[in-house]
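Just so we're on the same page: letters track the sequence lines, and every chain starts at 1.
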Amino acid sequence: MSEKRLLLIDGNSITYKAFFALINQVNSFVNNEGIHTNAVFGFNNMLNIMLDKFKPTNVLVAFDAGKTTFRTEMYSDYKAGRDKTPDELREQFDYVKKLLKNRGIKYYQLNNYEADDIIGTLSKEADQLGFETTIVTGDNDLTQLCSDKTTVSISNRGVSGVVRYDTDYVKETMGITPAQIIDWKALKGDSSDNYSGVTGVGDKTALKLVTQFGSVENLYEHLDEVSGKKLLEHLTEDKENAFLAKKLATINRDAPIEITVDDTVYDGDHIEDLINFYREMNFRKFLSEMSADQVETMDKVEFVELNSDNAKEIDVKDGSNVSFYLGIDGDNYHTADYIGFAMKVDEINYISRDIELLMDDNLKALLESDKISKNVFDGKRTYVGLNRLGIKLNNVDFDLLLASYLLDTNDNSYDLGKVANRHDYFDVQSDEDVYGKGAKRAIPDDDILFDHFARKVNAINSLKDKLFDELKSNDQLDLYRDVELPLSFVLARMEIAGVVINKDILISMKSKISEKLLEIKQSIYNDAGEEFNIASPKQLGEILFDKMQLPVVKKTKTGYSTAVGVLEQLAPDYPIVEKVLEYRKYSKILSTYVEGLLSDIHVDNKVHTRYLQTLTQTGRLSSVDPNLQNIPVRTEEGRKIRQAFIPSESNWQIFSSDYSQIELRVLASISGDKNMQDEFIHNDDIHASTARRIFGLSDNSEVTPEYRRQAKAVNFGIVYGISDFGLAKNTGISRNDAKEFIEKYFDEYPGVKKYMEDSVNSAREKGYVETILHRRRYLPDINAKNFNLRSFAERTAMNSPIQGSAADIIKIAMIKMEQELEKRNLKAKMLLQVHDELIFEAPSEEIEILEELVPKVMDSAVKLNVPLNVKSHYGNSWYSLK
DNA sequence: CGGTTCACG
DNA sequence: ACGTACGTGAACCGT
């Protein structure tokens, strides 16, 4: 890389691009003074990418000075007819310039000239001085400036994706030199700049002419060589136009600018001003990304290092409140090492790396006390971490992570610093900034670590009142206090309990399946005539569709699709495809479930999953390390995996209860649709009833399995926020049929139709939708101009309250269930939750009790306008539930 | 690290 | 005309 690197940015063009790339969020990017900030934000994003990639020594951003330039003198309609700049954008130009100032970047504009000319003039000087130059812009005009030393990056997708043009690239893609782009534009004109070239000459013809004649001048000297009578006529008639257009298209590389490359030296961010500016703009993202330099601008924090002596002296009165943070080095808190802890008591921050201090009587009693309340970040993590030390965390009042997630499901990072930043609290950094990331990650020395920990407990402590106020004004305090907070500890205890896995079963499955796979693999190689990686969609596609010439059913962005649906269509005619399907099925079972599960077994022969309580956008849980919410059940081969999930004691059983059609029942209840409600109240077969309605059959008539299957698909579609296209694609019926089904459905269930419309309308007005317990999901795209984004938001508006309310219901059931087990002194333990299903282990003699108790608790968890229905099963393993 | 595939509700 | 079913996690490929 050259020592001298100049970055030239077309300020107007990039600001425009940034504004329209983030147009959907224009209303969520508003600072405290009501100024829109989306273009400033997008501009800065682009800047970060270019600075990082190009590491320039010199930078200049050029702006257009005004409407009139030497080009408008030449041609008064130059750039006429352009849409007026929106007010929301106009107000941002001054802030882009402020941003540049604070980032230590020069900018320049010159009366009578466009940004292009400034860039052209400077890049010429830079070329002569031996600079390596990169020009960043949003439009293609500047590609004429490409040279050996100068490349032009054109942003396409939003502002962060760029296409890089250098001389070779221009030659390769267009077959002409960068300078000839001027001649090309002279002939074809430029509609966005509002000048025409030669009538009837577009991109293609212009390119042909330039390739043949080299320049406009040469073309007009050899008009006799032009083929085509019409074309010749047009060229002759529009000669003047062509020469004018060439002048307009030519960037002036000798503009009378008053700066030189020497004036563009880049000296880096003005940290303090930049932080203030980011705060003024509400740019939490950039603030949180700032380097350790930020620490210097933050107030100093005091802390006291704890040791075995002063730890005994901490005296906390009953009725008081402390903030506590337990540092664990990694995601998996069941096994990861401890880093240390911090505790804020009466405005004093106590810190230590010595985790054993927590096990001393004094601190242990404090954490276990039901008289002293605690504030934490991620109570579940803290509970499990302390449990490993034999400490039972008690009386948690505030969980920053949980509260933040309830306020906005997007504020769900497991990094305390990032979450605090999102609530405008900036006196704490993210772990990534303090520890580094990837291979460089390391726990720092005491002084840095203690400072960071002290800031963490400060952040927890400081945000408590603010977040409680916000929960209250959202009407979400009950959801927090009665559901999510108690649930976090129910989940902690389920995770700690774990599930016993019979290793021997998995090991024997492993050898059987491996053998089978070897067999299938050989047979596939035989059919293909060569060996290849069957697991590679690319290689498989080449074998099937190139070498063996199978008909192509569907393509993906990157090549042939080899998804199940595609292969299933081909399977009847091509034995190799059938074998590939077999291979896929067994290798999935082997790698994800047999080998995957084996590698997740702890020393106690159990798997201890982690439920992510603050991840999903709907309020559901998710499960990781291992994911126990997607253990196979639909095919017999896969289902056998469940044989390995067994009770922890002999003579115990696995017991499971699940809600039937909980989402449809929720829909019937919240939509108020009388017809659907009646069907659930009468305990009808809902899919059969739907079939009778949409196919116009008489009441109580037999419903064929095919009709029922289609009606079931429609019911699913309704819950997902239906579209005729989606339904057609998923069921294989025609789009017209799908459309008719949906119309008939809405005729028959008018309450459902109204609910769908109301959901979308309410989302448009409020910007969010909510569940029966006021769980919120914000939908910023609901008013988007982009059809795709908007449609997606609309379907989400219909689906999220349904899926989310079902999640609310089972969460309440879980809390009540744990209480009931305790109250009745049962040995039974709740182990797993799979969205609409709770799984327990219990001594055989308790099964009878559970059969009555669990459904009772589950179906009375929340009072709906329709009954809930719960079915139970039990057996010796998760496989053999009867 | 994004794309594809496939496991679940 | 646009081009989609809702919500997840893990393994693997290939850049």
Quick one: is [N] close enough that its OP1 or OP2 comes under 4.0 Å of any side-chain N or O from [X]?
X: Gln539(A); N: dG14(C); answer: yes
X: Ser536(A); N: dG14(C); answer: yes
X: Lys538(A); N: dC13(C); answer: no
X: Asn799(A); N: dA5(C); answer: no
X: Arg795(A); N: dT4(C); answer: no
X: Arg639(A); N: dA7(B); answer: no
X: Thr616(A); N: dG7(C); answer: no

Just call it for [X]: base, sugar-phosphate, or nothing, with non-hydrogen atoms closer than 4.0 Å on any strand.
X: Ala713(A); value: base
X: Phe725(A); value: base
X: Gly721(A); value: nothing
X: Glu663(A); value: nothing
X: Thr562(A); value: sugar-phosphate
X: Leu621(A); value: nothing
X: Ser587(A); value: nothing
X: Asn630(A); value: base
X: Arg610(A); value: nothing
X: Asp836(A); value: sugar-phosphate
X: Val834(A); value: sugar-phosphate
X: Ile589(A); value: nothing
X: Ser791(A); value: nothing

Spacing of [X] atom [atom1] relative to [N] atom [atom2], expressed in whole Å:
X: Leu628(A); N: dC8(B); atom1: CG; atom2: C1'; answer: 11 Å
X: Lys585(A); N: dA7(B); atom1: NZ; atom2: P; answer: 9 Å
X: Ile839(A); N: dC8(B); atom1: CD1; atom2: P; answer: 14 Å
X: Arg584(A); N: dA10(C); atom1: CZ; atom2: C1'; answer: 15 Å
X: Ile534(A); N: dC13(C); atom1: CD1; atom2: P; answer: 12 Å
X: Glu582(A); N: dC6(B); atom1: CD; atom2: P; answer: 13 Å
X: Leu664(A); N: dC6(C); atom1: CG; atom2: C1'; answer: 13 Å

### Query
Is any side-chain N of the basic residue among Glu663(A) and Arg620(A) closer than 4.0 Å to the acidic one's carboxylate O?
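Salt bridge between Glu663(A) and Arg620(A), a charged N being under 4.0 Å from a carboxylate O: yes.
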
For [N] and [M], measure between their [atom1] atoms and round to the nearest Å.
N: dT5(B); M: dT4(C); atom1: P; answer: 15 Å
N: dG3(C); M: dC8(B); atom1: P; answer: 32 Å
N: dA7(B); M: dC2(C); atom1: P; answer: 33 Å

Could you work out which one of [options] sits closest to the side chain of [X]?
X: Leu615(A); options: dG7(C), dT8(C), dA10(C); value: dT8(C)
X: Tyr593(A); options: dA7(B), dC8(B), dC12(C); value: dA7(B)
X: Asn788(A); options: dG3(C), dA5(C), dG7(C); value: dG3(C)
X: Phe787(A); options: dC2(C), dT4(C), dG9(B); value: dC2(C)
X: Asn627(A); options: dC8(B), dT8(C), dG9(C); value: dG9(C)
X: Pro632(A); options: dA7(B), dC6(C), dG9(C); value: dA7(B)

#### Entry: Aromatic-base stack, Tyr720(A) on dC6(C), cutoff 5.5 Å, angle under 30
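Yes.
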
#### Entry: Heavy-atom side-chain contact between Tyr560(A) and Leu540(A) under 4.5 Å
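No; the side chains remain at least 4.5 Å from each other.
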
### Query
Which ranges of DNA chain C pair up as stems, where a stem means three or more consecutive Watson-Crick or G-U pairs with both distances under 3.5 Å?
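Stem list for DNA chain C: B:1-9 with C:6-14.
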
### Query
Is a donor on one side and an acceptor on the other found under 3.5 Å between the side chain of Thr562(A) and the backbone of Pro537(A)?
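No: the side chain of Thr562(A) does not pair with the backbone of Pro537(A).
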
### Task
Mind checking side chain to side chain contact (heavy atoms under 4.5 Å, CB included) for Lys744(A) and listing every partner two or more places apart, or none if nothing turns up?
Ile694(A), Glu748(A)

